[in-house]
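The block underneath contains the structure these notes are about, expressed in structure tokens.
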Amino acid sequence: MKVAKKANKNQPDAGERIQKVLARGGVGSRREIERWIAEGRLKLNGEIVKLGDRLKERDYLQLNERVVHWEKFAVQPTRVLLYHKPTGEVVTRRDPEGRPVVFTQLPTLTTARWISVGRLDINTSGLLLVTNNGELANQLMHPSTEVEREYAVRILGDVSEATLEKLKQGVELEDGKAKFDAIRFFGGEGANKWYHVIVSEGRNRLVRRLWESQEVVVSRLMRVRYGPVVLPERLKACTFYELTEKELDLLFEFAGLERNEPEVIKGKPEPKGHNPRREPRIHSPGRR
């Protein structure tokens, strides 16, 4: 996948397109925001926004009559963390039941906020990508990209070849047909067997529901890969790894986005939980 050529920089007072600014902040995808503009849901300085309108310093922006503090979405270096989520944590900012949430384990951002690339349910562990770049997150999650997710699954008992073939061909679930793109046996002794499976969509609890549709009990589920990014083998639960500049370039290229931003400032102390020696394996775009 080729990266688009860099566009010419706008004049300093020309501002930046509204959909680009809001997408970067994770408010929505560019396509969604363009639809909101067409529906008249955005106002700029009291006037209905039109496609092509740009944000400039001190502009007053509203979405559905609510003020949007868009200044905090100003151009900033993209950061992507690989977080090893343990079972028992939930992917939300606040939990009414008081359960631990993943975002309390991450470093504090002075502007913007961490956005999770997809979710893992409370009983699923493994790789969770988080970023401060909303456009990158939206691109990696959008159904049209069909990004592969690979899971290590421990099941109870033996599974016939016929059942495995059925899961690869597709079965009907309550929300439509689904399948595993690939299934590989990874060994196991006694009652427990390990498989690696790949899916290309992010429906809720999809991996568990596919196995359960064949009356197979899943006793452990762990995501080990999201697109080109693989969970480092030595990365412990509740810790994270931050992608390097080179790895970020590969991820942007995989997502089909141009990376045109200031570099991350070097030399600051590493935040708690960071594992600088836990090198991830990130594939070049197009590789599996």
Side-chain angles (χ1 to χ4, degrees), residues 1-10 16-34 55 70 72-84 106-107 109-119 127-150 198 200-202 223-232 235 240-266 268 270-271 274-276 278-288:
M1 188 180 295
K2 295 183 178 179
V3 181
K5 294 182 179 179
K6 292 184 178 180
N8 293 327
K9 291 184 178 179
N10 297 317
E16 195 173 10
R17 285 177 296 160
I18 290 174
Q19 58 266 44
K20 184 176 181 180
V21 174
L22 297 186
R24 185 168 58 233
V27 177
S29 68
R30 289 198 195 188
R31 187 177 300 176
E32 288 173 323
I33 296 162
E34 287 172 355
L55 283 168
W70 62 270
K72 63 184 179 182
F73 304 145
V75 175
Q76 56 188 319
T78 292
R79 297 178 66 184
V80 176
L81 306 182
L82 281 60
Y83 178 64
H84 187 161
L106 307 178
L109 293 173
T110 54
T111 59
R113 62 177 184 171
W114 292 117
I115 303 162
S116 64
V117 180
R119 290 174 176 265
L127 176 63
L128 180 69
L129 291 177
V130 294
T131 180
N132 62 340
N133 188 318
E135 186 175 13
L136 177 62
N138 283 323
Q139 185 71 8
L140 290 172
M141 289 187 289
H142 199 278
S144 65
T145 60
E146 296 185 341
V147 175
E148 288 186 345
R149 291 91 157 157
E150 184 173 348
I198 295 174
S200 299
E201 55 178 318
R223 185 158 66 195
V224 296
R225 179 169 66 88
Y226 193 101
V229 184
V230 177
L231 180 69
L235 188 65
F240 62 86
Y241 171 91
E242 183 161 4
L243 291 187
T244 65
E245 294 295 308
K246 183 177 180 180
E247 291 161 346
L248 282 174
D249 287 340
L250 287 172
L251 188 59
F252 268 83
E253 188 176 354
F254 172 83
L257 296 176
E258 176 186 356
R259 188 179 179 213
N260 184 13
E261 59 187 19
E263 291 189 357
V264 177
I265 299 173
K266 303 296 183 181
K268 292 186 177 181
E270 299 293 356
H274 191 71
N275 286 266
R278 307 294 197 249
E279 293 297 329
R281 192 176 79 216
I282 180 165
H283 298 292
S284 296
R287 287 183 57 192
R288 298 292 175 90

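Annotation for Q139 and T145: closest pair O-CG2, 2.9 Å, computed over non-hydrogen atoms. Counting all heavy atoms, side chain and backbone alike, F254 lies closest to V147 at CE2-CG2, 4.1 Å. Here the shortest heavy-atom pairing between E247 and Y241 reads OE1-OH, 3.2 Å. Counting all heavy atoms, side chain and backbone alike, G28 lies closest to I33 at O-CD1, 3.5 Å. Closest heavy-atom contact between L82 and P232: CD2-CD, 4.0 Å. Annotation for R149 and Y226: closest pair NH2-OH, 3.4 Å, computed over non-hydrogen atoms.
In this structure, R79 contributes its side chain and P77 its backbone to no donor-acceptor pair below 3.5 Å. At distances below 3.5 Å, not a single donor-acceptor pair connects side-chain atoms of S116 with backbone N or O atoms of R119.
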Decide yes or no on side-chain contact (heavy atoms from CB on, under 4.5 Å) for I115 and N132, but give the supporting numbers first. CA-CA 6 Å; I115 303 162; N132 62 340; over 6 Å; no

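Atom CG of residue L251 and atom OG1 of residue T78 lie 9.5 Å apart, to the nearest 0.5 angstrom. To the nearest 0.5 Å, atom CG of residue L106 and atom CZ of residue R113 are 13.0 Å apart. Expressed to the nearest 0.5 Å, how far CG of L127 lies from CG of L235 amounts to 9.0 Å. Note that OH of Y83 is 12.0 Å distant from CG of L231, once rounded to the nearest 0.5 Å.
With sequence neighbours left out, the side-chain contact (heavy atoms from CB on, under 4.5 Å) criterion links I198 to E148, E150, D181, A182, R225. Scanning for salt bridge (Lys or Arg N to Asp or Glu O under 4.0 Å) contacts around E201 gives R203, with sequence neighbours left out. The side-chain contact (heavy atoms from CB on, under 4.5 Å) test applied to S29 returns R31, E32, N138, not counting sequence neighbours. With sequence neighbours left out, the side-chain contact (heavy atoms from CB on, under 4.5 Å) criterion links E146 to S200. Qualifying salt bridge (Lys or Arg N to Asp or Glu O under 4.0 Å) partners for R30, counting only residues two or more places apart in sequence or in other chains: E135.
A salt bridge does not link E34 to R17: none of the charged side-chain nitrogens sits closer than 4.0 Å to a carboxylate oxygen.
The only option from L136, L140, V130, V229 that meets the side chain to side chain contact (heavy atoms under 4.5 Å, CB included) definition with V80 turns out to be L136.
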